[in-house]
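Chain A is the first sequence line, chain B the second, and so forth, proteins listed ahead of strands; every chain is numbered from 1.
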Amino acid sequence: MKNFTHHRDLILNLARRNFILAYKGSTLGILWSALLPLSQLLVLVFVFRRILPLGIEDFPAFVFAALLPWNWFSNSINSASNIFLVNRDLMRQPHFAPRTLVVVDALTNLLTYLISLPILLALLTLHGRGVTISLLFFPLLVLIQGILIVGLSLIIATLNVFYRDVAHIVSVAVMLLFWFTPVFYQSKIVPEKYHFLYTLNPMAVLVESYRAVFFGTPLEWSSLLLSFILSVMLCGLGYIIYQRQLHDIIDAI
Amino acid sequence: MPEILIAEGVSKRFKLHRNRPTTLKETVIRRLTGRYDNGSTTYWALRDVSFSLEQGRRLGIIGHNGAGKSTLLRLVCGLGRPTKGEIRRMGHVGSLLELGSGFNPEMTGRENLMTGGILSGLTKGQVTASQDEIIAFAELEEFIDQPVRTYSTGMYLRLAFATAIHFDSDFLVVDEVLAVGDSRFKQKCQQRLRLLRISGKSLIIVSHDLEQIRALCDEVLVLEEGRVEIQGNPEDAIKCYADLMRRRTERRAAELGIAIRPNLKTEQGIRLGTQEATICAVHLLDGENRNIDHLISGSSLAIEIEYLVQRPLPDMALTLGIFSENNVKCFETSIASIRTTFGQLAEKGTFRCHLPELPLLAGRYYVNLSLHPMDWSYVYDNHWQMHPLQVMNEKTMLAYVSGVVLVRPDWSFRTKE
């Protein structure tokens, strides 16, 4: 029990510290965490309404509902590469398990996501959409995405200690994945023969599911289940890779 | 007493890469071409190290730089795994290694204290409970809510030490203790370490300061090139350490092709060294610069050391000490780098050390001198008990005194009225 409390306190303390450090000293402080996705939103809305109209209803809320979880994912995955390398100090503490860093980072970025949520809810209200009962599934989606992020981050963080190319590969992969994830378009318009690719991309499924939760449309449970299984498997794989290399990580750092 | 830490046949091998982070490309090419040799060599930082620590004991670890002390400490703390052998810990380790390394300069002292405490294995509630005590111990009440970057080095270390030492652990690993803060705070730390001992905590201490090891430890482990040379009582271990220094010097001399004669044309005492640099003459001078071999208690002494560099050396270190006849160190001074202290090392010259007053009691003393390479791993030239100094009493010594330090006791007497 003491162990559990200790780990919880450790993770919360480090996440809080990361969060405070990110915004300490800047005038706008915590507002920055909302300003960044807002600026992305403005650009996407301008491009896909004025330049290449996609004709999607309530487009700002449509994009924002997907953009926020996408940012959670991409920020976490990108910072995972160097997470062991930049936290050498912490890794040299006798009782510190390096995997904690991965969880802390996922949590810090989740916090950024949650802070921007009121903006999304305001957008929905502006479109005249109320909150529906399906919002109750939101925590479930956060959980699945959390497992996915932690699993992938463990793999990336571990490999990057030994092969510094991983960081570069990851940033390219994340950039490409953005286009294969229906953030600013609907997966409906994707030709039928590519659909299986989308069901195999947990981020695509999650992004669509978040949208369903906020817009009150039905969830696709079968693909969500598949994503859940994939996420758990990735997490297990990540844990195995990490656990095997743990001692070498500490020597190599 | 039960054992709290056992190391059995611990060896640790490191890979030394020519060009550290491997790239994916290299790995792929190596796999494809079937050549596994990428120029990396391995080296054993520890070889078959076994020792044990009983509860409540204090173990000192000494060894020359690169002997494997830090590697051993890290393994003891559970950082990394021995390549061979095993380390068993029967308790919670507290570490004073890399003091304050988990601190963030932007956060306040209080926030860092919380993080530090949780990192050492506590819950938030437990840290909150002992927070005031820690702040009081570190004497930082006024500054605790300032960012740590505004702290002086002393304040930073005080906070780190106070945080680290307050948390309950079964044994503590301490690297170069008490290099912390001013002398008063050092006293406090020593006090604290003594208290820990009384409460049955074990300690592992690494230090270069042999005096400190002698004073603090029950047992001492000497490491040499990754091997345990001896584990025993402090006196034996320190003797063994000095012996190692002599052996290294002989080995070095053999490499240079110099035959070491144990008593290198000395009338008395022991002379040792590779003679890459030599002390060719030593003069003991009184206040009027006259050569002397005896001295009145409390008067001034100057020591002049003429040296000659036999083969080109970039730099060297020098120590000068005064020891009593039975080898008690009365005083020692050293210059870690001649070059940074006096500039470019000349081929020959004379160092002069002036002691305005030498408060020693009457007796026979020796001025011992040595020249070392920069890492103190062996000696160029060591004069041990070669330069005697007879100290005489002042004329008017009323009461009997003994010891080494000159004090003038003033006795008086009265009857009860």
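- Chosen from Ser120(B), Gly117(B), Gly121(B), the residue pairing most often with chain A at heavy-atom distances under 4.5 Å is Gly121(B).
- Among Thr108(A), Leu111(A), Leu107(A), Asn13(A), the one residue that satisfies the side-chain contact (heavy atoms from CB on, under 4.5 Å) test with Asn18(A) is Thr108(A).
- If you measure heavy-atom distances from Ile20(A) to chain B, the contacts under 4.5 Å come from the side chain alone.
- Proximity to chain B (any heavy atom under 4.5 Å) is shown, for Leu12(A), by neither the backbone nor the side chain.
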Audit row: Arg88(B), Glu3(B), salt bridge (charged side-chain N to carboxylate O under 4.0 Å, His left out) steps and yes/no: CA-CA 10 Å; Arg88(B) 288 201 299 277; Glu3(B) 273 147 343; over 6 Å; no

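- With a 6.0 Å radius and a threshold of 12 heavy atoms from other residues, nucleotides or ligands, Arg16(A) has its CZ atom at or below the threshold.
- Ranked by heavy-atom pairs under 4.5 Å with chain A, the list Val76(B), Val173(B), Val93(B) is led by Val93(B).
- Of all heavy-atom pairs spanning Phe143(B) and Tyr151(B), the tightest one is O-OH, 2.8 Å.
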